[in-house]
Amino acid sequence: MVKTKAPKYQPHDLETKWQARWEATGLYRTTRDDDRPKHYALTMLPYPSGDLHIGHWYAMAPSDAKARFMRMNGYNVFFPIGFDAFGLPAENAAIKRGIHPKKWTMDNIARMRIQLRQMGAMWAWDHEAVSCLPEYYKWTQWFFIKLYEMGLAYKKFAPVDFCPKCNTTLAREQVWGEDRHCERCSTPVVKRELNQWFFKITAYADELLDGLDKIEWPERVKAMQRNWIGRSEGAQVTFRTERGDPLSVFTTRPDTLWGATFMVLAPEHPLVLELTTPEQRQQVDDYRRQAARQSEIERQATDKEKTGVFTGAYAINPVSGKRIPIWIADYVMMSYGTGAIMAVPAHDERDFEFAVKFGLPIVPVIQRPDGAAKSLVSPGSVRDMAGFAEWLTTNGIGYEQAPVGSLGDGLYVTLHGADQIERYIAQMRASILPGNWNEVVGSRFAFVFDDAVWDLDSVEAGECILARCKSIYPPVWRNRTVMEMLHSLPFYRDVLLHAEYGEMINSGEFTGTPGAEARSKVIKWLSEKGLGHAEVNYRLRDWLISRQRYWGAPIPMIYCEHCGTMPVPISDLPVLLPDDVDFMPTGESPLKYNEAFRNTTCPRCGGPAERETDTMDTFMCSSWYHYAYVSPYYKGDVPFDPLEGKYWLPVDQYTGGVEHATMHLMYTRFFTKAMRDMGLVDFDEPMLRLFTQGTILGEDNEKMSKSRGNVVNPDDYVSTLGADTVRAFLMFIGPWELGGSWSSTGIEGLHRFINRIWNVVLEKNDAPTEPAQDAEVAELRRCTHKTIKIVTDDIRAFKFNTALAALMQFNNYLVKAKESNVYQTEAWQEALRTLTLLIAPLTPHLAEELWEHLGGAYSVHQQAWPSYDPMLAADEVITLIVQVNGKVRARLQVPADIAEADAKALALANDNVKMYLADKSVHKLVYVPGKLVSIVI
RNA sequence: GCCGAAGUGGCGGAAUGGCAUACGCGGUGGUCUCAAAAACCACUGGAGGUUGCUCCUUGUGGGUUCGAAUCCCACCUUCGGCACCA
């Protein structure tokens, strides 16, 4: 057969040609169109770091492919792009190299625009938004003022990380390592208290939580947000100090109130100074000073041993009336709940640890649900050790005989259930020798003496028990509490405390209340008595938006000595960032030293006033950028054109990195809810669907970094293999949500595939000499339509890797079919057109070129997505699997519509199957239509 | 510690109750060439074999089922998030 060589595939020429044509014809310009359903596709706003790296490609190319797919499926697709242009790297470049942040940023954007165009994405460049331009940040400032007017912005003192050597405040990501040192000079950072602006995101905590049920986001991201919001239900209970000051605590376990044997306040708690007795003053002051020096992170290190000091003061437990000591400790955080806790050491691990360390009393008030208890029978403590052991065995009680220190062998007994415990104690009472005791711990805490059984059911009981034990066995003189004594025995440790719900015990009138209703009953009772009420607490904190930096949107607030704090009048926006500032770090905003900026006049009294000199967190800019896109730099009196917004919003499909799960994605949801309450939008959630892609790793399976030297520069591959190859390879690596590693040989393989497509479409064979058989044509069409189905389903579900695998398989089939008589039939032409349309979202330039060669009308990207015909895709012949006792013994080619009886008969008649059946009788025959016959013998 | 994701050939991965290892990379052999590269073709999980076949294999151990990579239980490893949150 004679072949006419196709022109060589020259990706670079072809891609620049089509990019120019797409631009010239305005192919991706987007306008409202009420005849088509709209689809707002969005990929996360890039930061203009300088060069487009492979990570940008990995995030954006598949997102573009999906947007193109939606467009071919009849949607009016809006796929905008812009730049998150404020932020630290620009300012650092200014400090280090003397380039103005604006110039650095705008130069980077200019370079990235060119690189982004090389990707061949369908971006609506006419909607580009750059967040550092005054026309943009005017609206960022507008949002600040609106939030302020709604009471959602407020100012308070809050700590920032500060590097004493660089003399500058640091962002969270600039603080590194366990020892929390400065990213640039490795000096350990210190905390500084500064008066800063916050947004009251906590006002929407419940809505942010509940809204998660309404959006199609990955469960992983929703779980992270739920975790971050950290809603916990419980009660607020008011204790009183002995002097009478109210002292409120938050607890999730009001059912354990009777077991609250002490209280702990955060060292910063305002009541501490008043409560501390003169004798304890010195210790408390020292501890408070030490706690203040530590960073929040240091304080929160879990593995650290508990510390604390006694204030000398006492409180009254409101339910038991008992006098309990008040301590301070840094394991209690001022920022959560009320900054004070009731400590229930018997049912909280932290309180237990604290109580054991400081000799505070521990009383169990909740029954163990598992009924487990332990007892150690010391050598010589019972009348007849062997007989006792025998009694245990005959009563089905488990024990182990092992040495107890150097005293000889004892019995380590494990009990289960109230009945066993009861009988054990009775038996022990009968066996225990005078001058000894035995204890049962766990499900019951009972001390068996020769004349009585004492239960640990109150603080006082504990004291009596301990006193008697000391008189019997002096070596325990050192122990301050019964529990401390028991804790010294490792055998007991796992049954001393539990945090489960269970029947209330030792709790006055509530004793006997079942675990399931304990919490609600106690809360109801507390409310009736006026001692407390149901309460919900959140882990979520308000959003700190002040940055002591130059390169950000100035916070539009004015401080007047006479009129106080007030927002800049809307008509005066934007508050322009001055160009002429000194960036040298001082630990404060460079704007503070710009007199022309700082000094202003009061909009109310006209007198001299000062501007706020801090700028805003860049997460502010990115909280509303998807609204800006619909009409960038809008000139009206709201941030975006309401008509455009009404048509395009909200975002239908968002894609981006999972690293934004709790910051950006939480802030933008908060913004949308606030915007709804301002009357700007009529929906609750900004992004209906979210897909989070994984990370692209270096060839060595490690995160790409300059120091590792495993960074891949996409430009190198774009110039040689072409953008289409890079795009398609990134999509082929593996499931998009899992990320994957770069492979320089893998991308060659993809390039080969693209070349094979090129050749199968463009290389001309001689016409076949014989006409094609019907069966051959049917098979070709079956393959075509099956491929349409797979590729459609896979791209819709972001499974680009398997979509490409299906296309490779289809192409491999076409390479063979080309040598047969189906070549140049109508079915052949259908196959080539289909192949071209199916690859259009993945490799847009290649598809456009091939489409032109096939005689299709410009542009391939405006064509309808091919539909598949299930009748054509259906198999005529299937492989019927025959199993004998679950093992495959034969594969039969049978008509797809074979009758059950025929299939079974064929299976049983197969020679290999017969060998396994031999003379045995068939016990069961399973038939799955179209799949298999399973024979059980 | 809690929450989440993942574990399959030499490698990336496919298959979510019915042929394990699709597709690609790598490897081996071949065609073409003076030669090489490229391209193309064939083979490629392991072990055995009487080669028109068998056994083993999806992190480990159990279970459910005619049948399990897939469902259930327990455990191990890796990665991500949160972490003294009362």
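Side-chain atoms are counted along with the backbone in the values below, which use heavy atoms only and exclude waters and symmetry mates. In what follows, every chain begins at residue 1, and chains take the letters A, B, ... in the order their sequences are listed.
Residue-level contact check: A/R539 touches the bases, meaning some heavy atom is under 4.0 Å from a base atom.
Each of A/I935 and A/K931 was matched to the nucleotide of RNA chain B holding its nearest heavy atom; the match closer to the 5' end belongs to A/K931.
Taking the six-membered ring where the residue is Trp, A/F352 and A/H487 present perpendicular rings, their angle passing 60° and hence far from 30°.
Here the nucleotide nearest the side chain of A/N227, chosen from B/C19, B/G24, B/C3, is B/C3. Out of B/C56, B/C3, B/C23, the shortest distance to the side chain of A/N812 is found at B/C23. Taking the side chain of A/R752 as heavy atoms from C-beta on, and the options B/C25, B/A86, B/C66, the nearest nucleotide is B/C25. Considering only side-chain atoms of A/A805, the nucleotide from B/C66, B/G12, B/A22 that sits closest is B/A22. Residue A/T745 places its side chain closer to B/G26 than to any other of B/G18, B/G26, B/C84.
The minimum heavy-atom distance between A/Y58 and A/G694, with the atom names listed, is CE2-O, 3.4 Å.
For the pair A/R288 and A/D330, the salt-bridge criterion is not met [side-chain N within less than 4.0 Å of a carboxylate O].
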(message) Could you walk me through whether A/E748 and A/R752 satisfy the salt bridge (Lys or Arg N to Asp or Glu O under 4.0 Å) test, starting with their C-alpha distance in whole Å, then the side-chain angles of each, then the deciding distance to 0.1 Å, before giving a yes or no?
(response) CA-CA 6 Å; A/E748 298 284 347; A/R752 272 196 285 276; 5.3 Å; no

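Nucleotide B/G52 carries an anti base; the chi torsion (O4'-C1'-N9-C4 or O4'-C1'-N1-C2) is more than 90° from 0.
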